[in-house]
Amino acid sequence: MDSPAANKRPCLAKRARLRIDPVSGNPVLMHQEAVLVLNRSGYEILRLCDGTHSLSEVIQELQIRYPEAGPILTREVPEYVEAINQKGLIEWI
Amino acid sequence: MDLVERPYAMLAELTYRCPLHCPYCSNPVRSANQGELDTEQWARVIREAATLGVLQIGFSGGEPLQRNDLEALIGIARDAGLYTNLITSGLGLTETRAKLLAGIGLDNIQVSFQAAEGELADSIAGVRHAHARKLQAVRLVRKLGVALSLNVVLHRFNIGQLAPIVDFAESLGATRLELANTQFYGWAFRNRSLLMPTRDQVDAAAQVALAARKRLKGVMEIVYVLPDYFAARPKPCLNGWGRKYLTVNPHGVVLPCPTAWEIRGLVFESIRKKSLAWIWKESESFNRFRGTEWMSEPCRSCPQREIDFGGCRCQAALLAGDPAQTDPVCEFSPHHLLVHEAIAREPEKSAVTDLLFRQNPL
């Protein structure tokens, strides 16, 4: 499995796609046979997994946007990305 | 009580025509002389599906590449925001068409294989050099960077070779491998005694699949669909009739699942006459087995009734002669003996060439 090395940039796999479900208004991550319903913070994290930000840059960017979230981002963002990575839906560039 | 949710996924069976003759095909055995929907009709269905809440669409068949408007229809689905999956044999995928599909933004392509090795694969597909042509198609897909899944239908003749099949899928760079035990409907039902694996084969295959899933976690997703004849409880077919999925067949008939068309006594509506939303919400066929009110015993009082929904309606119709019965796969079904006998019976013949091969509709 690809391991999330510090200098690598996470990118949502080609077979996965983010969108807002027009019926429920919830963000969803769609892949082959499944639709994962995301919460808003999951959506914001994955939107930044576009292959141009390293993991620490994703965290920095979210800290700027959501200063009220505080230091918890440093732990939760990598955990969340790893959970999606475990599903094989992250590529490391 | 509102039993009607929105559909999440739609299977668009564009045609029943196919260059392959797989003896386990789930397409209906009876042919209907109703003609295929045209491009405009499909375009309307796809847009109506997106409005109704569908998020994912699978283009299937038969072989969807037999339709020269496939690219246009996938483009319409993409424009409607749908996740698009092309379910194909790979035969007919030229470089020009592959490039077009990649350019449109096809999200995933699922290619079927019959085995890991050419000679056996071709004998099952009933077409010479089919395997080699599939390999060509897969290489094209990989070169263009479109995500690739593989689907291998398992039965007596290939289930013993699961390990090589996994290695084969890995070597092709697939991100997902579906190991789908034959479901006995359509042509597969006709060939049931020959295709049926033994209990030992099924148990050994499950072990191989489990180990492979562990080893390849995060690299290639492995889905092993247990054969329901060998389970004690039925599968929650479609997560319930008319709950999350719908199928539109080549003639425009809207079905809860692709094989439901063969259930006698049910009348399914066509999009030639009604809107997709009406059929989903209002039609008698879609409402017939929603919820639990339609159930009889042993389902009616069963604590599992909202978990497996009484199993598969097609299987109840096929084996018990009545779609409203408990799926005979269930150990509590009064017809369970039929399933037991089907597993236990040794086939009179035993060669691939003894199978009844799928024919194209007239």
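Reminder, nothing fancy here: chain letters follow the sequence lines and each chain counts from 1.
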List the atom of A:P22, the atom of B:L55, and the distance in Å for their closest heavy-atom pair.
CD-CD2, 4.2 Å

Scanning both residues in full, the closest heavy-atom pair of A:R15 with B:T175 reads CD-OG1, 3.2 Å

Donor-acceptor pair, distance only, cut-off 3.5 Å: does the side chain of B:Q56 make one with the backbone of A:A34?
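Yes; judged by distance alone, with no hydrogens or angles, the pair exists.
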
If we ignore hydrogens and angles and just use 3.5 Å, is the side chain of B:R176 paired with the main-chain N or O of A:Q32 as donor and acceptor?
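Pair absent, no side-chain N/O of B:R176 close to backbone of A:Q32.
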
Per-residue contact mode, B:N85 against chain A (heavy atom under 4.5 angstrom):
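The answer is the side chain of B:N85.
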
Specify which of B:Q110, B:R78, B:M220 makes the most heavy-atom pairs with chain A at under 4.5 Å.
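Top option by heavy-atom pairs under 4.5 Å: B:R78.
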
Heavy-atom pairs under 4.5 Å with chain A, option from B:G145, B:A50, B:G53 with the top count
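Answer, by heavy-atom pair count under 4.5 Å with chain A: B:G145.
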
With a 4.5 Å limit on heavy-atom distance, are the side chains of B:K244 and A:V35 in contact?
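Not touching, per the 4.5 Å side-chain cut-off.
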
Salt bridge (charged side-chain N to carboxylate O under 4.0 Å, His left out): which pairs involve residues 49-69 of chain A, sequence neighbours left out?
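Applying salt bridge (charged side-chain N to carboxylate O under 4.0 Å, His left out) to every pair that reaches into residues 49-69 of chain A, excluding sequence neighbours, yields A:E44-A:R65, A:E61-A:R65.
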
Spacing of CZ belonging to A:R19 relative to CG belonging to B:L82, to within rounding of 0.5 Å:
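Taking CZ in A:R19 and CG in B:L82, the distance rounds to 6.5 Å.
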
